[in-house]
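Per chain, numbering begins at 1; letters A, B, ... match sequence-line order.
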Number of protein chains: 2
Amino acid sequence: MSAIEYLTQFLKSARQEKGLSQRALSLKTGIQQTQISRIESGQADLRVSTLVELARSLDLEVVLIPRSLLPAVNSITQKKSSEENSALVPEPAYRLGNGTDDE
Amino acid sequence: MSAIEYLTQFLKSARQEKGLSQRALSLKTGIQQTQISRIESGQADLRVSTLVELARSLDLEVVLIPRSLLPAVNSITQKKSSEENSALVPEPAYRLGNGTDDE
DNA sequence: CTCTTTGATATGGTAAAATACATCTTTATC
DNA sequence: GATAAAGATGTATTTTACCATATCAAAGAG
């Protein structure tokens, strides 16, 4: 799974967990539904401005993290402490590969 | 400061702190130096694949973080005790030269 | 069962922008 | 002044993103 796929699938999951259709997200962001379709299906290498716009409409933020700090960050983001979030996560047993190699 | 500016300035700082020129980073990534120039100067809305490629060559990773967890993540990434983490710090105590600047 | 409607996602064509390639300007050092 | 390194600019190609439309699925009416 490439890094772009990871990001776009993350966005897709976040959208679905919020119960939004592509069209609904399109209305929130101003980004065409057709573009969201292509992005989620891996047919588009979206611009960073598009990534940021989609992320923010889904209450997410794009950040750069030093690789050495990834485990610490993951330990935070994969916690299911928050009620508002855990209620929307259907499969909490997920675990992304933590290897330092790219795939 | 826009989100894209934040990301590109973060990349620029990381590159400079590693002592890499735009050309050197270009060789590592395969991305043209001209493109790196435009990206760092805010003249380009880069693609996500480009962002990921540049980030990885600088030992960084692009991640999506829930907004509610941003403070916790920042408290990790902005620690000063880390050895290799000092991107975007205004004036690091590093000096690549010999330290004598009376010229 | 068939037709229609409605909602969600995918596809084709075009304009705008990122990227690649070549070149230029600037700065420093000799 | 020459040379080299770092960053910026001009043009052609590639690709995103927009717009209109098509496909697909589910549900209801006739």
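One can place CD1 of Ile36(B) at 12 Å from C1' of dA20(C), the figure rounded to the nearest angstrom. Nucleotide dG7(C) holds its P atom 18 Å from the CG atom of Leu25(A), rounded to whole Å. Regarding Leu20(B), its CG atom lies at a distance of 10 Å from the P atom of dG7(D), rounded to whole Å. Summarising the geometry, the separation between CD on Glu53(B) and P on dA20(C) is reported as 11 Å, rounded to the nearest angstrom. Atom-to-atom, CD1 of Ile31(A) to P of dC18(D) comes out at 7 Å; the value is rounded to the nearest Å. Following rounding to the nearest Å, Leu54(A) (CG) and dT16(D) (P) show an atom-to-atom distance of 14 Å. Leu27(A) places its CG atom 15 Å from the C1' atom of dC18(D), with the value rounded to the nearest Å. Rounded to an integer number of Å, the gap from Lys12(A) NZ to dA8(C) C1' is 12 Å.
The side chain of Thr50(B) places no N or O atom within less than 4.0 Å of a non-bridging phosphate oxygen (OP1 or OP2) of dA18(C). Checking the phosphate oxygens (OP1, OP2) of dC21(C), a side-chain nitrogen or oxygen of Gln32(B) falls inside 4.0 Å. Note on Gln35(B): every side-chain N or O is 4.0 Å or more away from OP1 and OP2 of dC21(C).
If you find the closest nucleotide of DNA chain D to Ser21(B) and to Ile39(A), the one lying nearer the 5' end belongs to Ser21(B). Between Thr34(B) and Leu46(B), the residue whose closest nucleotide on DNA chain C is further toward the 5' end is Leu46(B). Position along DNA chain D of the nearest nucleotide to Arg15(B) versus Val48(A) favours Arg15(B) as the more 5'-ward residue.
Residue contacts shown for Ser41(B) are absent, as no nucleic acid heavy atom lies under 4.0 Å away. Nucleic acid contact class of Ser37(B) (heavy atoms, under 4.0 Å, all strands): base.
Between the side chain of Arg15(B) and the main chain of Leu20(B), a donor-acceptor pair closer than 3.5 Å is present.
One cannot find a donor-acceptor pair under 3.5 Å joining the base of dA8(C) and the side-chain atoms of Gln33(A). One can find a donor-acceptor pair under 3.5 Å joining the base of dG10(D) and the side-chain atoms of Arg38(B). The base of dG7(C) is not paired with the side chain of Arg23(A) by any donor and acceptor separated by under 3.5 Å.
Ranking dT19(C), dA17(D), dT9(C) by closeness to the Gln22(A) side chain, first place goes to dT9(C).
Checking Gln32(B) against Thr34(B) by side-chain atom types alone, no donor-acceptor pair falls below 3.5 Å.
No side-chain heavy atom of Val63(A) sits under 4.5 Å from any side-chain heavy atom of Phe10(B).
In this structure, the separation between CD1 on Ile76(A) and CD on Gln78(A) is 11.0 Å, given to the nearest 0.5 Å. Rounding to the nearest 0.5 Å places OG1 of Thr8(B) at 11.0 Å from CD of Gln43(B).
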